[in-house]
Q: 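Once you've had a glance at the structure underneath, I'll fire off some questions.
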Amino acid sequence: MKWAVIVFPGSNCDEDAQQAIIRVTGDEATLVWHQETSLADYDAIVLPGGFSYGDYLRSGAIARFAPIMKAVRDKAVQGTPIIGICNGFQVLTEAHLLPGALLRNRDLHFHCKMVELRVETNRSPFTAAYQPGDILRIPIAHGEGRYFADSAILHELQEDHRVAFRYVDNPNGSSESIAGILSKERNVLGLMPHPERAVADFMRSTDGAGVFRSIHQYVTEREGAHAH
Amino acid sequence: MTTYRAQVRVWLKPSVFDPQGNAVEKALLTLGFAGIEEVRIGKSMEFLVTADNQESAEAMVDRACRDVLCNPVMEMYTFTLEARQEA
Amino acid sequence: MTTYRAQVRVWLKPSVFDPQGNAVEKALLTLGFAGIEEVRIGKSMEFLVTADNQESAEAMVDRACRDVLCNPVMEMYTFTLEARQEA
Amino acid sequence: MHTEPTAEQIEREGIYRSLGLTDAEYAQVVEKLGRLPNYLETGLFGVLWSEHCSYKSSRIHLKKFPTDGPQVLQGPGENAGVVDIGDGIGIAFKMESHNHPSAVEPYQGAATGVGGILRDIFTMGARPIAFLNSLRFGPLDDAHTRYLFGNVVAGIGGYGNCVGIPTIGGEAVFDPSYRHNPLVNAMCVGQLPADRIVKGAASGVGNPVFVVGSRTGRDGIHGATFASAEDPHAKERSAVQVGDPFLGKLLMEACLELMATGAVVGIQDMGAAGLTSSSAEMASRAGGGIEMMLDRVPCREAGMTPYEMMLSESQERMLVVMEKGKEELAFQILRKWDLQVAEVGRVTDDGRLRLYFHDEVVADVPVRLLVDEAPVYDREIAAVYEPPGAHVALPPDPVNYQLELEKLLAHPSIAKKQWIYHQYDTSVRASTVFGPGYDAALVLVPDSEKLVAMASDGNGRYVYLNPRVGGAIAVAEACRNVVAAGGVPLAITNCLNFGNPEKPEVMYQFSQAIEGMSEACRALSAPVVSGNVSFYNETGGEDIYPTPVVGVVGVVEDSQLATPSEFSEAGLAVYLVGNLSDGLEGSLYWQMKAQQAAGDAPSFDLATEVKVQRFVQRAIREVGITAAHDISEGGLAVALVEMVEETAPIGMTVSLPAGFQLPGVLFGEAQSRFLIAAQASKENMLQDLAFTLHTPLLRLGETNTSGELVISIDGESSPAIQANLHELKKIYTSALENNMNQSWR
Ligand SMILES: Nc1ncnc2c1ncn2[C@@H]1O[C@H](COP(=O)(O)OP(=O)(O)O)[C@@H](O)[C@H]1O
Ligand SMILES: [Mg+2]
């Protein structure tokens with residue numbers, strides 16, 4: 001299968017994501033420049049972390065207008081798995097592909113450290129390799145990661161089992177300790193922690209590998225099904 | 001064409017916690033500014049808009065606010081426009 | 001004692017570079033908002049002040065601006081005060 | 001717009017003084033130039049002959065540093081030094097101070113410091129891989145200090161996090177000496193192919209010269225001149241420089257792409273003194289000249305004069321010399337990254353810096369005179385240096401040693417620094433093997449088994465008490481950190497933060513510290529490849545502690561050798577490498593008791609230093625040990641607590657031989673010592689190795705499951721310290737945060 005990792009001006013986890021994909025799945029992963037307009041060739045899309053457009057105004061606010069985002073939208077409609085990590089999550093909410101918003105951390109500080117996440121659902125292309133209730137160790141690195149949504153949305157997320165991950169110990173003041181959420185069709189995931197930084201022993205955790213493995217399995221199985 | 005000076009104010013909805021406002025309020029208190037409360041911190045944006053008339057300038061600024069400058073999920077905005085005095 | 005609503009605007013001195021305003025201006029341009037220029041982004045702060053009278057409220061806000069809200073090395077401020085209507 | 005003074009007015013009214021030239025310097029300019037310089041020209045000399053750009057007070061002393069070695073690919077003189085780590089890989093690194101700007105506007109001062117050092121690294125053609133930072137502030141009980149420190153940390157993170165380079169090491173010291181003059185030193189490390197170092201030389205007559213990046217504004221004019229001015233508030237007269245890390249990141253990517261094409265002849269960041277220093281220094285390195293049409297410089301504000309353009313310190317700008325005919329290639333790359341570029345001039349061979357504005361020559365001066373013939377001062381050095389801690393009486397023995405240990409662990413200089421580094425992205429680039437919290441940071445080198453090791457260190461108190469020994473200790477300690485993590489130190493960079501060089505005792509500190517550093521560099525085979533001097537760190541006549549900060553880069557040959565500074569298992573043997581000592585000289589403990597720096601510098605011997613470092617290197621390689629940590633501030637007791645991993649449910653029993661004074665043996669800071677922990681099965685081999693290498697090695701005790709730290713003296717009935725380790729760790733971990741939770745905004 002083929003992965004696209006979108007590169008916005010200011011993305012800085014693009015290569016990390018690419019390397020993690022290659023390390024975990026052995027798949028082909030291509031960096032795709034934000035000025036491109038088609039993603040037709042790709043089976044999975046990653047919006048990586050970083051500071052797209054410097055995170056000026058609001059994080060993700062300017063990136064959502066990039067030419068590539070029209071193609072991302074189209075792929076979302078087609079059911080292609082799309083994962084937004086950190087800044088990618090922020091871009092996805094600004095682009096209304098995911099509900100809610102990510103605000104400045106409760107204590108106003110940037111936080112970079114290993115945190116524990118609880119897997120809330122494995123019914124998604126991103127979490128199938130885990131069991132609900134699994135505790136994962138994955139680093140966070142963000143200043144604006146406080147997930148916010150109004151109560152109706154929070155209720156809906158809860159009802160539809162669309163909260164993918166929660167923090168065990170809320171580091172940033174996110175509503176209901178939410179660390180990652182799924183779209184209605186469950187093929188778009190946004191999460192603040194960085195699974196691509198937890199895929200090798202030297203990183204002190206390999207718990208993030210399951211995210212990439214899940215996507216790989218989902219896509220290859222789906223391809224298998226189509227072939228029939 | 002006329003050039004207007006626009007002043008946009010964007011702030012968090014009342015239901016959204018504003019940690020910055022909170023921190024400043026605390027700081028003011030410890031520094032002895034008794035009597036200051038409910039501090040909220042938002043953004044103030046200023047720019048020049050050139051348009052045919054006030055109406056179309058207003059429409060443009062409003063669209064900029066809705067599309068870019070403000071995220072309605074958590075923010076609100078107001079703005080004022082003022083024809084620029086010639087230098 | 002009267003309670004006033006204060007609105008403070010803080011912005012970078014004209015000679016100080018505003019990277020944020022600069023980036024937003026560029027973004028607006030590429031999004032087709034032709035005619036918007038010289039974008040500068042500052043802070044807008046709102047709070048309640050309770051004081052004996054307008055004068056002492058003003059003095060307090062001014063001091064808060066100088067001591068806490070504004071960094072005089074690179075920023076400037078203005079504010080308005082308005083007696084709060086009773087609920 | 002007011003008009004500029006004429007050349008005659010400048011001479012008659014002494015206006016050159018406000019541009020940074022002394023009477024003698026101005027006379028020298030007039031004589032060598034053979035005429036009176038105009039306002040712009042006087043300004044050029046003012047900044048290039050400033051302390052900051054010309055190193056006029058330090059130059060003759062810096063020459064004493066050893067700078068050669070087989071591992072050195074690029075020594076001092078370029079934008080950064082480069083060492084060879086083998087496998088065709090070069091590591092570029094440099095450290096720089098941003099003390100004065102950070103005191104005026106802490107967030108932007110620190111952020112622009114990081115941006116500047118970043119550009120120094122990537123202009124060498126190196127991909128930046130890590131940042132470190134060394135911070136010195138006054139005590140945190142002062143709200144303004146908390147404001148400065150908090151914002152400096154935020155600014156370092158703000159820039160580094162945004163450009164996506166991990167900040168993985170550094171140090172932070174809090175001492176009254178820095179209350180009015182905080183130090184903010186930033187270091188950047190980058191990786192490049194060893195045979196593709198890009199230089200900052202403007203060569204090739206006729207080659208076009210470009211300004212790339214941000215537009216030029218009126219910010220920071222005279223920054224370089226005033227960094228050397230006595231009145232720190234003079235700096236406020238110029239606008240504060242604001243960093244744009246987003247643009248910094250684009251510039252980095254674009255320049256690396258540009259340099260990879262091979263079409264870049266020379267490139268330099270417009271740092272201090274902006275366009276002036278970059279153009280003049282690049283021309284000087286090539287031994288040629290440069291001419292520029294200033295009308296073509298993209299400006300942020302209307303009506304900027306040539307003077308303002310040449311002296312502006314607007315951030316995120318580069319001066320690039322391209323090979324003629326390859327311009328289109330450059331334009332393509334820069335367009336892709338949405339960066340502004342303007343061709344502003346060309347390389348000449350007449351050795352002159354010639355500037356045009358509206359088709360008129362507005363400045364025309366010899367490059368040699370601007371750069372190479374800048375004044376050099378052999379400033380007066382005090383004949384005697386009254387050792388400032390010699391007369392201080394030893395403190396009486398304390399009643400409760402546990403309490404003293406707790407006080408040391410809670411001192412912000414010793415306490416765990418996670419409040420700082422949790423605000424830094426330490427894992428971006430996904431190659432951090434050891435981040436902050438270890439003795440040295442380790443980073444993976446792609447396509448290689450090797451790791452790059454780096455650390456920064458420097459103890460101003462030691463240098464103050466004994467400049468020569470203190471200088472040597474700074475180098476030794478920095479190298480020791482790399483050794484503890486499993487590395488071999490290769491070379492160092494430094495920031496020499498000192499007081500007013502016009503004072504003979506400051507020059508004594510300076511020259512002696514350099515002597516000491518040089519001795520240690522030679523003994524440890526770690527030459528100096530880059531560095532920076534910051535003078536005039538004084539307020540109201542009070543100078544800071546003379547504070548040379550050393551940044552060291554080394555290599556870990558194989559990731560298997562990476563050795564942590566902590567352990568978490570029971571059943572390990574704990575050893576002291578080096579001598580047991582009970583001297584309190586220069587220790588933080590004595591300073592806390594005496595309320596001033598006390599005694600001499602800690603005992604230090606270079607031969608012993610070399611020996612213990614060799615021993616630990618071989619122990620890691622040949623025996624395999626679980627953890628290694630150097631003993632530094634706070635002494636043996638603090639180092640023991642530091643070595644226990646925070647959440648480990650273990651205890652440790654240590655017994656010390658009789659015959660040593662208690663406070664000294666626990667809290668003394670005698671140098672050249674490591675603690676190492678090893679499995680029982682390795683003990684024989686360790687002892688054999690120590691015997692073979694004639695290295696003092698003392699078994700202190702072992703770890704267990706008791707959860708307690710017990711330190712006793714042989715023959716004494718009750719232990720000197722018996723404390724819950726978990727509680728001690730809590731004090732150590734939370735102290736800095738507790739200090740910063742007081743209001744500082
Ligand atoms: N300003 C800082 N930035 C990043 N890391 C820091 C900073 N200060 C301290 N650290 C990290 O905290 C750890 C302890 O620092 P320090 O007490 O100076 O160590 P030592 O005294 O053993 O050299 C080191 O890993 C260091 O890199
Ligand atoms: Mg320490």
Side-chain angles (χ1 to χ4, degrees), chain C residues 5-51 57-79, chain D residues 100-109 111-112 115 143-144 147-148 151 155 158-159 162 213-221 232-233 235-251 298-304 308 312-317 338-340 743-745:
Chain C
R5 176 165 293 286
Q7 214 176 92
V8 178
R9 216 156 53 79
V10 176
W11 69 101
L12 290 171
K13 288 179 184 171
S15 58
V16 175
F17 179 47
D18 173 15
Q20 178 163 226
N22 195 46
V24 170
E25 181 171 330
K26 263 198 187 164
L28 286 170
L29 203 73
T30 43
L31 291 176
F33 288 92
I36 291 191
E37 36 180 18
E38 293 188 26
V39 180
R40 302 280 289 179
I41 301 190
K43 283 181 227 159
S44 151
M45 316 192 188
E46 269 198 47
F47 48 88
L48 300 178
V49 204
T50 304
E58 259 171 32
M60 172 139 68
V61 174
D62 197 58
R63 203 159 55 83
C65 285
R66 268 182 294 120
D67 290 0
V68 185
L69 306 179
C70 166
N71 175 357
V73 174
M74 58 193 304
E75 292 172 331
M76 310 203 290
Y77 65 90
T78 58
F79 64 88
Chain D
H100 300 285
S102 303
V104 176
E105 212 309 297
Y107 185 99
Q108 293 300 339
T112 52
H144 186 65
Y147 161 81
L148 290 175
N151 278 294
Y159 205 102
C162 186
S214 203
R215 283 182 294 174
T216 299
R218 289 196 170 95
D219 32 8
I221 293 173
H233 294 282
K235 293 179 287 289
E236 294 188 23
R237 273 187 256 153
S238 70
V240 167
Q241 308 153 47
V242 173
D244 184 349
F246 171 55
L247 196 59
K249 159 87 173 156
L250 301 186
L251 209 50
C299 290
R300 207 154 61 218
E301 295 174 66
M304 283 187 63
E308 289 170 325
S312 159
E313 292 189 0
S314 293
Q315 296 291 300
E316 282 83 32
R317 298 177 303 155
D338 206 13
L339 285 170
Q340 191 132 12
S743 166
W744 51 278
R745 229 158 278 270

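Below, read A as the first sequence line, B as the second, and so on, with proteins coming before strands; counting in each chain starts at 1. All values derive from a computational prediction rather than experimental measurement.
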Q: Non-hydrogen contacts under 4.5 angstrom with chain D: give the residues of residues 14-28 of chain C involved, or none if there are none.
A: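 From residues 14-28 of chain C, the residues near chain D are C:Ser15, C:Val16, C:Phe17, C:Pro19, C:Asn22, C:Lys26.
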Q: Taking D:Glu301, D:Glu316, D:Glu105 one by one, which has the highest count of heavy-atom pairs under 4.5 Å against chain C?
A: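 Looking at each option in turn, the highest pair count goes to D:Glu105.
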Q: Is it the backbone or the side chain of D:Gln108 that comes under 4.5 Å from a heavy atom of chain C, or both, or neither?
A: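 For D:Gln108, the contact with chain C is made by the side chain alone.
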Q: Need one label for D:Ser214: side chain, backbone, both or neither, based on atoms under 4.5 Å from any heavy atom in chain C.
A: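 Contact with chain C involves the side chain of D:Ser214 alone.
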